[in-house]
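Chain letters run A, B, ... following the sequence lines, proteins first and then strands; every chain starts at 1. Predicted, not measured: the structure shown is a model, and the values here were computed from it. Reckoned from all heavy atoms, side chains included, excluding hydrogens, waters and symmetry mates.
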2 protein chains.
Amino acid sequence: MDVTEPAPPPTRAASKSAQTRQRILDAAAEVLSRKGYAGTRLSDVAAAAGVQAPAIYYYFASRDELVEEVMWVGAHRVRLHVEERLAAVPEDASPMDRLLVAVDAHLRYELQLSDYATASVRNAGHVPEQLRVRPAAEEALYSRLWRDLFVAAQQAGQVRADLDINIFRLLLLGAMNWVVEWWNPRTRSLDELVATAQGMVRHGAGVA
Amino acid sequence: MDVTEPAPPPTRAASKSAQTRQRILDAAAEVLSRKGYAGTRLSDVAAAAGVQAPAIYYYFASRDELVEEVMWVGAHRVRLHVEERLAAVPEDASPMDRLLVAVDAHLRYELQLSDYATASVRNAGHVPEQLRVRPAAEEALYSRLWRDLFVAAQQAGQVRADLDINIFRLLLLGAMNWVVEWWNPRTRSLDELVATAQGMVRHGAGVA
DNA sequence: GCACGATTCTAAGCCAGATTAGAGAATCTC
DNA sequence: GAGATTCTCTAATCTGGCTTAGAATCGTGC
């Protein structure tokens with residue numbers, strides 16, 4: 001609630017308290033990513049975090065505040081991850097190369113690394129309006145990142161000039177986001193998925 | 001609940017009763033498509049249908065049964081619509097042409113014609129397990145339809161031989177389904193969307 | 001070992017919203 | 001137009017699940 005954290009005690013590395021808060025948040029992300037907003041019981045989250053439900057209220061003002069935080073963290077981290085991966089791309093890489101790296105980073109993060117990202121994506125359109133404000137700001141930044149990647153690629157002549165890159169971008173993000181609805185790591189390889197999605201961009205948007 | 005309908009009375013064209021049932025179902029589809037499973041109140045549905053909430057129970061055994069029916073109808077109708085459009089394609093059309101018609105049909109139906117389809121797509125992953133059984137059967141049929149389209153196109157040499165058409169198909173359906181999350185008919189033209197999605201297939205999957 | 005804040009627990013409280021009961025209106029049958 | 005049936009309403013009831021109260025426990029500084 002407050003902008004200031006509850007005055008972290010002498011703040012040793014990771015106080016027990018902070019760890020518990022983290023455990024609750026992680027549990028919420030996990031349950032939310034699996035069961036969705038409607039199906040997420042505070043009691044499930046508590047169980048997964050190894051506490052009783054009321055303990056959650058020591059760290060979060062309400063169920064919705066907890067959910068909002070998960071959503072925001074999810075959106076935020078995906079963006080950071082993709083930005084980091086892009087920052088590591090060699091100077092001489094082409095705009096199209098950067099686009100393909102972004103596809104790779106987005107998919108791998110969403111599927112392997114983060115319940116938060118999955119929770120964020122799956123529930124974005126299903127939580128009450130008020131919970132969308134803060135996460136939406138993150139998503140706007142993320143959208144811009146992708147827009148810039150596409151603009152650069154199109155200006156460099158690596159994306160067809162007649163392509164509507166706004167629509168294409170939204171379709172692509174949709175394709176990648178929807179993956180969380182069907183992906184099963186046991187039946188398919190992540191590498192193949194990434195390669196296919198990259199092909200969708202390289203051929204679908206790239207110049208012949 | 002029973003397999004047999006409640007013994008349709010002398011069954012004139014559309015009895016008043018059937019109309020009311022229909023109105024409730026339509027209302028449910030509309031609310032579900034807009035607010036999602038979690039946000040759909042039976043009272044909202046009732047209001048939209050112009051009845052009091054308990055009246056719903058005369059036609060449906062429970063909230064969940066109502067939701068299930070909407071989901072099933074949505075999945076069913078999309079499939080029928082796409083099948084109809086495909087049936088109307090000239091004999092001499094190529095497999096790729098048929099694929100593009102399917103893209104067109106799917107998008108237009110989902111965005112213009114049917115709250116049921118939108119409700120079905122948006123909530124598929126958010127309703128409790130038990131509600132997914134019947135709709136899932138429909139979706140399986142629909143999946144097969146698309147698989148067949150892709151197989152035919154690949155065998156005809158119109159889709160790159162090295163493309164994993166299963167993954168590509170799922171990505172494409174995801175891109176199209178996710179459209180309901182961002183589409184705003186006031187800011188973009190449906191024609192452009194369809195054209196861009198078709199381009200994604202023609203270039204993304206098609207032979208160079 | 002004691003005092004005190006931080007943390008977590010058990011036991012209620014509380015309420016939105018689904019569902020049921022049962023009375024009343026509408027419609028149909030003859 | 002009386003009686004039966006279908007349909008819809010008002011007025012409860014019921015319940016899951018969020019939330020609050022307040023007591024117990026834990027940890028730490030002195």
Side-chain angles (χ1 to χ4, degrees), chain A residues 1-2 4-25 27-28 31-32 35-70 126-131, chain B residues 1-2 4-25 27-28 31-32 35-70 126-131:
Chain A
M1 292 307 218
D2 275 25
T4 55
E5 288 293 296
T11 307
R12 79 189 47 190
S15 71
K16 179 115 175 289
S17 170
Q19 278 180 290
T20 305
R21 186 192 142 94
Q22 195 56 51
R23 241 182 25 247
I24 292 171
L25 207 53
V31 177
L32 226 30
K35 303 207 187 182
Y37 181 72
T40 294
R41 297 287 100 79
L42 229 32
S43 53
D44 299 339
V45 174
V51 301
Q52 296 300 315
I56 294 174
Y57 286 84
Y58 185 76
Y59 298 97
F60 301 91
S62 68
R63 172 184 191 263
D64 278 357
E65 188 183 295
L66 172 59
V67 172
E68 187 198 48
E69 172 118 3
V70 169
H126 288 264
V127 300
E129 287 297 340
Q130 348 130 27
L131 300 198
Chain B
M1 287 318 212
D2 275 23
T4 57
E5 287 294 295
T11 308
R12 78 189 48 191
S15 71
K16 181 116 174 286
S17 170
Q19 279 180 286
T20 304
R21 186 192 142 94
Q22 195 56 51
R23 238 177 33 243
I24 291 172
L25 208 52
V31 177
L32 270 173
K35 303 207 186 180
Y37 181 73
T40 294
R41 299 284 102 78
L42 229 32
S43 54
D44 299 338
V45 174
V51 300
Q52 296 300 316
I56 294 174
Y57 287 84
Y58 185 77
Y59 299 96
F60 300 91
S62 68
R63 173 183 190 266
D64 278 356
E65 188 184 295
L66 173 59
V67 172
E68 187 198 49
E69 172 118 3
V70 169
H126 290 262
V127 300
E129 287 297 341
Q130 347 131 21
L131 300 198

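Per the geometry, CZ belonging to B/F60 stands 15 Å off P belonging to C/dA18, to the nearest Å. Rounded to whole Å, the distance from CD on A/Q19 to C1' on C/dA6 is 15 Å. For A/I56 and D/dT20, the CD1 to C1' distance is 14 Å, given to the nearest whole Å. When the C1' atom of C/dA6 is taken as reference, atom OH of A/Y57 falls 20 Å away, rounded to whole Å.
B/A61 approaches B/E65 most closely through the heavy-atom pair CB-OE1, 3.2 Å.
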Identify the pairs formed between an N or O of the protein and an N or O of nucleotides 9-16 of chain D at a distance under 3.5 Å, and give each distance.
unit_1, atom_1, unit_2, atom_2, d
D/dC9, OP2, B/Q52, N, 2.9

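When distances are taken from the side chain of B/Y59 to each of C/dT7, D/dT19, D/dT8, the shortest belongs to D/dT8. The A/L42 side chain lies nearest to D/dT19 when the options are D/dC7, D/dT19, C/dT8. Distances from the side chain of B/R63 to the nucleotides C/dT8, D/dT19, C/dA18 place C/dA18 closest.
Between C/dT7 and A/Y58, a contact under 4.0 Å exists linking OP1 or OP2 to a side-chain N or O. Side-chain N/O atoms of B/T20 include none lying less than 4.0 angstrom from OP1 or OP2 on D/dC7.
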Under 3.5 Å, side-chain donor or acceptor atoms of residues 38-45 of chain B against the rest of the protein: list the pairs with distances, not counting sequence neighbours.
unit_1, atom_1, unit_2, atom_2, d
B/T40, OG1, B/G36, O, 2.7
B/R41, NH2, B/A38, O, 2.7
B/D44, OD2, B/R41, N, 3.4

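Among residues two or more places apart in sequence or in another chain, the side chain to side chain contact (heavy atoms under 4.5 Å, CB included) test is passed with B/A53 by B/A46. Listed by chain and residue number, B/R21 satisfy the side chain to side chain donor-acceptor pair (under 3.5 Å) test with B/E69 (two or more places apart in sequence, or in another chain). Residues meeting the side chain to side chain contact (heavy atoms under 4.5 Å, CB included) test with A/P128, sequence neighbours left out: A/Y37, A/D64, A/Q130, A/L131.
Listed by first then second residue, pairs satisfying salt bridge (Lys or Arg N to Asp or Glu O under 4.0 Å) with a partner in residues 48-59 of chain B number zero, not counting sequence neighbours.
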